[in-house]
Amino acid sequence: MIGLALRSLRHRAPAFTATFLSVLAGTALIGSFATLFETSLGPVSKEDQEILFIMGAVVGAWGSLIVLFSLASTLGIAVGQRDTEIATLRTIGATPGQARRMIRTETLLVALVASTLGAGIAWVGGRGLLAMIREAGMVSDSVAFAGGPLALGSTVALVTVTSVLAATIAGRRATSGPARLAMVDAASGAGRMRWWRILAAVVLVGYGVVMAMITVFITADSDDPYAAMQTAGSSSILVGVGLAVLAPTLLRWTAVTLRPLVGRFGVAGHLAAFNTSRRAHVLGGVLAPVIVFTAASVGTLTLVAIDGRTSGPANAEADLINLLNNVVVGMISLFAAIMVINAFAAVIAHRRNELARVRLLGATGEQVRSSVLVEAGIIAAVGVLLGLVAASATVVPFALARDEGFVPDGTLWLPPVLVALAVVLTLAAAALAVRRATAAPVLATVNQ
């Protein structure tokens, strides 16, 4: 099975590209902040140590949560797309354990190479972050960069272990049950969401809601002006990640509800409505980063705007908090954008033969491309709607805590701008992926 895994990597290089890029970008982001944490352990003053620790550990931890969740989602897509292949291996004699070993070996090799390269990028990124903090006057100019083997090695180990664990979970699902039944499920897109995913979503959403309630009823009356920010700031991210965990189920329910409406848009609308509900288990991997991007960006940036209006004269502490919030949003937004592009590229590449057969049945290339764009439109609409719901877990409690009411007093233009950005990103990623997938002649694609 190890030899088969090596041959699979060689012959399926395009299919593993999305996983490779996700691990590479994830390692670069986590490792950059980990180097700041290692720098804080060096010979620095107590004030500089506190700021570096906050940037490296606190901000890095939130980023790690988003990155590791996204990696697990991408690997789930990659393995889920191979259900038919894995079921076929089992019908010709491979045991479930052998199939899972092949999946783990493939993932381990990709993760080791990508995370090692990502560690090199993180070393450069950590230096850049430290330079930015020094230029902002947050730490003294005497603080020297000390990120090295401890931070980068730990990051590589964390990302690699997470990747292999995610592949193991996805592989166990792909090899559960009789092989013939697995082939039927793979062809039909059937499959129920596992109980542990539902439990994780309930815990995340519940924790976010509890933090929002604490903001309204407890920290709003605190003498610490930033107590409410500490409890409300994380709520949108927690609820957003919780909803993203349920993305396949939420997309399937929404697609079924919207099918009569979308089906009125001709052939493209009919194909999009049908495929979105049938392939929700795969397209949910695209929906998840859209939810997280919308929730984190709208929730955090609106919180910063409310704080700017209500916190009084600017001071060093306020500047640091705003910098941290902006860094978190920028980091999450960048990685979410990468995940949307990667996820669409992986999904469309897997559907090349399907799209070619639809063209052989009479659909034009333009109709096929339009149907994929309508699918992307459904995903974008559902994603921004759920993201706004998650963002409200931060915006509403914090606005109440700062005496602005349920609706903030200003910057109401910000959510529509961020929503438009999420929609444009999703549609652009879909357009790029489907154009590449339909560029080749139909018969050449089917015969691949």
Side-chain angles (χ1 to χ4, degrees), residues 7-21 74 76-89 91-92 106 174 182-191 248 251-252 255 258-259 262-287 340-380 426-448:
R7 288 191 293 272
S8 178
L9 285 174
R10 185 171 64 251
H11 292 292
R12 294 175 57 90
F16 287 100
T17 300
T19 301
F20 179 88
L21 292 176
T74 300
I77 293 175
V79 176
Q81 290 176 341
R82 301 174 61 189
D83 284 350
T84 302
E85 172 191 341
I86 294 170
T88 302
L89 283 175
T91 61
I92 61 176
E106 293 170 350
M183 294 188 70
V184 174
D185 288 344
S188 64
L251 181 60
R252 182 177 293 110
L258 295 177
R259 183 178 294 181
V262 179
R264 296 180 180 179
F265 293 93
V267 175
H270 174 77
L271 289 174
F274 177 74
N275 286 326
T276 304
S277 58
R278 187 173 69 92
R279 292 189 170 275
H281 62 296
V282 174
L283 293 174
V286 184
L287 175 63
V340 171
I341 295 171
N342 272 352
F344 252 122
V347 169
I348 298 301
H350 178 70
R351 296 173 60 190
R352 286 172 64 103
N353 287 342
E354 173 197 334
L355 299 178
R357 289 188 177 94
V358 172
R359 293 167 65 187
L360 285 175
L361 291 173
T364 65
E366 185 61 31
Q367 287 174 330
V368 170
R369 287 189 288 271
S370 297
S371 70
V372 173
L373 288 178
V374 175
E375 291 177 20
I378 295 173
I379 292 171
T426 307
L427 294 177
L432 178 63
V434 73
R435 186 171 296 278
R436 293 183 60 184
T438 58
V442 178
L443 291 178
T445 302
V446 173
N447 291 331
Q448 286 181 348

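Predicted, not measured: the structure shown is a model, and the values here were computed from it.
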Spacing of I341 atom CD1 and T426 atom OG1 [to the nearest 0.5 Å]
9.5 Å
dist L283:CG -> E375:CD (nearest 0.5 Å) comes out at 6.0 Å
Of the non-hydrogen atoms in [X] and [Y], which two are nearest, and what is the gap between them?
X: A255; Y: T276; result: CB-CG2, 3.7 Å
X: A280; Y: L251; result: CA-CD2, 4.1 Å
X: I379; Y: L287; result: O-CD1, 3.4 Å
X: A430; Y: A376; result: CB-CB, 3.5 Å

Side chain to side chain, V434 and F344, heavy atoms closer than 4.5 Å
no
